[in-house]
There are 2 protein chains.
Amino acid sequence: MKASDNQALKLGEVDFGILNELTGYWLRWAQLNTYKNIRCFFFDEFDITPGLFGVLEVVGCNPGLTQTAVAKAIGNDRSAMVAIVDKLEKRGLIERKPSETDRRSNALFLTSAGRVFRDRVAGRAWDHNEEFFSMLTAEEHQQFVGLLKRVALAGSPTE
Amino acid sequence: MKASDNQALKLGEVDFGILNELTGYWLRWAQLNTYKNIRCFFFDEFDITPGLFGVLEVVGCNPGLTQTAVAKAIGNDRSAMVAIVDKLEKRGLIERKPSETDRRSNALFLTSAGRVFRDRVAGRAWDHNEEFFSMLTAEEHQQFVGLLKRVALAGSPTE
DNA sequence: CGCTAATTGTTTAAGTGTGCAACTATTGGA
DNA sequence: TCCAATAGTTGCACACTTAAACAATTAGCG
């Protein structure tokens with residue numbers, strides 16, 4: 001999978017009209033461009049998806065969390081967690097342990113292999129983040145994240 | 001469809017570890033939050049998707065464009081255009097005319113109803129854009145769009 | 001205590017979006 | 001003329017998202 005599978009935008013030839021003035025459209029393009037790059041990075045170097053790594057990280061930072069709790073945290077339906085945990089478990093990175101206080105739920109933990117893997121990916125992910133956003137200065141990058149956080153959390157219950 | 005179908009993020013209870021430091025994750029959240037709102041707006045007021053409106057706008061600004069040209073412009077596979085143009089044609093907003101210079105291709109045009117509809121939606125879309133991003137000051141909003149454009153176009157052929 | 005309502009993990013199905021390979025009709029170039 | 005490329009279309013595979021249903025289990029309340 002090549003990171004530069006960008007199918008020639010050819011901007012400048014086509015008039016996008018009001019789309020150029022809508023923040024949402026630019027946000028979508030920025031996200032698409034970034035996500036494509038990040039997905040290739042995760043896939044090429046670690047054969048994993050950003051979504052799977054997200055679960056790995058959340059479980060790693062919050063050992064014993066139930067599947068439903070993780071689902072809520074990352075904004076998924078709990079039914080989607082089944083396949084996700086299955087995949088991570090099949091790769092020996094995560095573990096389902098029956099909860100001791102509630103026999104309905106599984107408590108999730110990283111295996112020792114999972115912790116090693118997480119550390120490796122996390123280190124490279126941070127480097128790759130700095131590298132990819134090098135089209136911005138450090139100051140701009142910091143500004144950008146600040147604005148993104150406010151947009152991301154606008155209208156949320158914690159606001 | 002309610003715009004506030006936000007399934008309780010409950011941030012603060014769960015540690016997201018390094019995800020908090022990755023720009024891509026915040027970009028994804030910001031895009032998700034924004035897109036959900038915009039999709040509801042388009043759906044509630046005009047029974048249309050942002051994607052369909054995008055095609056409508058591009059065709060409106062570039063009459064006679066072929067399906068493949070539109071697909072390239074908006075970053076889609078040309079096979080996906082078939083269903084899109086079908087939908088817009090079925091609603092009487094767009095028209096396929098056989099190209100006079102190339103019998104393989106369809107030239108796309110807005111119908112008069114399509115032009116009226118486009119104008120109505122475009123006006124409200126701009127208002128909604130300003131309204132939704134009111135969590136930022138005008139200056140911040142402008143900054144934000146500038147940064148988004150640079151991130152969106154990074155690595156593209158036109159850069 | 002006992003009963004009802006709610007929750008957990010899971011499966012299944014439907015809808016959506018994307019990417020890829022094929023097919024036809026047609027065009028363009030050597 | 002003949003071969004390669006292109007436009008629109010169709011179909012398929014894959015991933016993601018939602019919703020509904022179900023059994024097992026728990027929690028709340030009289």
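For clarity, every value in this text was computed on a predicted model and none was experimentally measured. Throughout, protein chains are lettered first and strands after them, A, B, ... in sequence-line order, and every chain is numbered starting at 1.
Phosphate contact (OP1/OP2 of C:dT24, side-chain N/O of B:Arg104, threshold under 4.0 Å): absent. When the side-chain nitrogen and oxygen atoms of A:Arg103 are compared with OP1 and OP2 of D:dT26, one or more of them lie within a distance under 4.0 Å. Contact check, B:Asn76 against C:dT18: a side-chain N or O comes under 4.0 Å of OP1 or OP2. The side chain of B:Arg96 places an N or O atom within less than 4.0 Å of a non-bridging phosphate oxygen (OP1 or OP2) of D:dT9.
The residues A:Arg96 and A:Asp86 are annotated as salt-bridged, a charged nitrogen and a carboxylate oxygen being separated by less than 4.0 angstrom. Residues A:Arg39 and A:Asp44 are not paired through a salt bridge, judged by the lack of any N-O separation under 4.0 Å between the basic side chain and the carboxylate.
Of the two residues near DNA chain D, A:Ser79 and A:Tyr35, the one whose nearest nucleotide lies more 5' is A:Tyr35.
Summarising the geometry, atom CG belonging to B:Leu27 is positioned 5.0 Å from atom OG1 belonging to A:Thr34; distances are rounded to the nearest 0.5 Å. Between the OG atom of B:Ser99 and the CD atom of B:Gln67 there is a distance of 12.0 Å, given to the nearest 0.5 Å.
Counting non-hydrogen atoms under 4.0 angstrom, A:Thr66 reaches the backbone sugars and phosphates but no base. Contacts of A:Asp77 with the nucleic acid, taken as non-hydrogen atoms under 4.0 Å apart, include base atoms.
For the helix from C:dC1-D:dG30 to C:dA30-D:dT1, the rotation axes defined at the first and last 5 base pairs enclose an angle of 20°, given to the nearest 10°.
The distance between atom CD of A:Gln67 and atom C1' of C:dT11, rounded to the nearest whole Å, is 13 Å.
Proximity note for B:Asn106 (side chain, C-beta onward) versus C:dT7, D:dA21, D:dT9: the nearest is D:dT9. Comparing C:dT10, D:dG8, C:dG9 by their nearest atom to the side chain of A:Thr68 picks out C:dG9. Checking D:dT9, D:dT25, C:dT10 against the side-chain heavy atoms of A:Val82 singles out C:dT10 as nearest.
In terms of hydrophobic clustering, with Ile, Leu, Val, Met, Phe, Trp and Tyr side chains grouped at heavy-atom distances under 4.5 Å, B:Ile48 and B:Val70 are assigned to a common cluster.
Within the 4.5 Å cutoff, no side-chain heavy atoms of B:Gln143 are placed close to those of A:Phe144.
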